[in-house]
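These notes concern the structure reproduced below.
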Amino acid sequence: KTESLEARPSPITIKNLIKLPHYIVSGAKYHTAGRIHTPKPLYGTLHVIGRCDSKCIMCSSWRKRADERELTLAEIRQIFENPLFSSVEKFSLSGGEPTLREDLAQIAEIILDACPRVKEVLLQTNGLEPDRVTKRVKEVLTLARSKKLEKFAVSVSLDGFGDIHETIRRVPQAFERATETIRKLQ
């Protein structure tokens, strides 16, 4: 016997009826976005640095010179003064390799001060330098705790197991270094 895959209407329940006004407002916002009002972003990502210490086959960030200009703290502050960012709830710090910036915690602080609704921050890293990564994570984690974030997460990029990761990253012992970073972060 086969079951029908047809959509079945949700049963009318007290719970669904209570949520009805929310659904109507959400639907109206969705259908008028760009016509009557301009929606603001809920998620944001800042590439805090263009440089990277990996040499990935799928990316050219590692080709950037160390003397290439990065955004200053004042420029980042100016960007996030724009009211467009006032609704952001989740934010990601990425790069290149964001832990190459010694002022990473100050960048995070600028964003958190300018975006009071942020509840979650994600830091993306290649994990190639375990000591540097854990130092930067501790700095941002201290800030995250003082700002009472609901969630602070670190994402260590792995492209495969062992030699596969090293072939893609083109860095000796990349897999061992990234897994050591994961161990230290735990």
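Within a 6.0 Å sphere centred on CD of E89, heavy atoms belonging to other residues, nucleotides or ligands number more than 12. Within a 6.0 Å sphere centred on NZ of K184, other residues, nucleotides and ligands contribute more than 12 heavy atoms. Heavy-atom contacts from other residues, nucleotides or ligands closer than 6.0 Å to CZ of R170 number more than 12. More than 12 heavy atoms of other residues, nucleotides or ligands shown are found within 6.0 angstrom of CD on E176.
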Item to complete: Evaluate the side-chain contact (heavy atoms from CB on, under 4.5 Å) criterion for residues L143 and F152: first the C-alpha distance (whole Å), next the side-chain angles of each, then the deciding distance (0.1 Å), finally the verdict.
Response: CA-CA 10 Å; L143 174 67; F152 172 62; over 6 Å; no
Practice prompt. Could you give me the CA-CA distance, side-chain angles and deciding distance for Q106 and R101, then say whether side-chain contact (heavy atoms from CB on, under 4.5 Å) is met?
Written response: CA-CA 10 Å; Q106 291 137 309; R101 290 222 32 180; over 6 Å; no
Discussion item. Between I111 and L93, is the side-chain contact (heavy atoms from CB on, under 4.5 Å) condition met? List the steps.
Written reply: CA-CA 10 Å; I111 293 166; L93 300 167; 3.7 Å; yes
Discussion item. Checking F85 against F91 for the ring pair (Phe, Tyr, Trp, His ring centres under 6.0 Å) test, could you report, in this order, the C-alpha distance in whole Å, the side-chain angles of both residues, the deciding distance, and whether it holds?
Written reply: CA-CA 10 Å; F85 298 103; F91 208 87; 7.6 Å; no
Worksheet item: After noting the C-alpha distance and the side-chain angles of I182 and V154, does the key distance pass the side-chain contact (heavy atoms from CB on, under 4.5 Å) rule?
Response: CA-CA 9 Å; I182 293 168; V154 179; over 6 Å; no
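Residues S86 and P116 approach most closely at O-CD, 4.5 Å, considering heavy atoms. Of all heavy-atom pairs spanning R169 and S54, the tightest one is CD-OG, 3.1 Å. Contact between A105 and V140 at its shortest, heavy atoms only, is CA-CG2, 4.0 Å.
With a 4.5 Å cut-off on side-chain heavy atoms, P98 and L123 count as touching. Side chains of C52 and C59 form no contact here, defined as non-hydrogen atoms less than 4.5 Å apart. Looking at heavy atoms from C-beta onward, R177 lies in side-chain contact with E129 at the 4.5 angstrom threshold. S94 has its side chain out of reach of V48: every pair of non-hydrogen atoms, C-beta onward, lies at least 4.5 Å apart. L17 is not listed as a side-chain neighbour of T13, based on a closest heavy-atom distance of 4.5 Å or more.
Clustering ILVMFWY residues whenever any of their side-chain heavy atoms sit less than 4.5 angstrom apart, transitively, puts V156 in the very cluster that holds L141. Note on Y43: it does not cluster hydrophobically with L46, by side-chain heavy-atom contacts below 4.5 Å among ILVMFWY residues. With hydrophobic clusters built from ILVMFWY side chains whose heavy atoms lie under 4.5 angstrom apart, I79 shares a cluster with I49. Taken together through direct or relayed side-chain contacts under 4.5 Å among Ile, Leu, Val, Met, Phe, Trp and Tyr, V25 and Y23 form parts of separate hydrophobic clusters. Cluster annotation: F175 and L128 are assigned to distinct hydrophobic clusters (Ile/Leu/Val/Met/Phe/Trp/Tyr, side-chain heavy-atom contacts under 4.5 Å, transitive).
To the nearest 0.5 Å, the span separating NZ on K138 from CG on L185 amounts to 9.5 Å. S157 contributes atom OG, which lies 6.5 Å from atom CD of Q124 (distance to the nearest 0.5 angstrom). In this structure, SG in C115 is found 11.0 Å from CD1 in I110, a value given to the nearest 0.5 Å. One finds the NZ atom of K147 at 9.0 Å from the CG atom of L149 (value rounded to the nearest 0.5 Å). The CG atom of L42 sits 9.0 Å away from atom NZ of K90, with the distance rounded to the nearest 0.5 Å. A distance of 10.0 Å separates CG of L112 from NZ of K119, quoted to the nearest 0.5 Å.
For E75, the side-chain hydrogen bond (donor to acceptor under 3.5 Å, both in side chains) criterion is met by R69, T72, not counting sequence neighbours.
The existence of a salt bridge linking R77 and D113 is excluded, since no basic side-chain nitrogen approaches an acidic carboxylate oxygen closer than 4.0 Å. Between D53 and R132, at least one side-chain nitrogen of the basic residue sits less than 4.0 Å from a carboxylate oxygen of the acidic one, meeting the salt-bridge criterion.
A side-chain donor-acceptor contact under 3.5 Å links H165 to the backbone of D159. Within the 3.5 Å criterion, the main-chain N or O of V133 finds no donor-acceptor partner in the side chain of T99.
Between T125 and E97, the side chains place a donor N or O and an acceptor N or O closer than 3.5 Å (distance only, hydrogens not considered).
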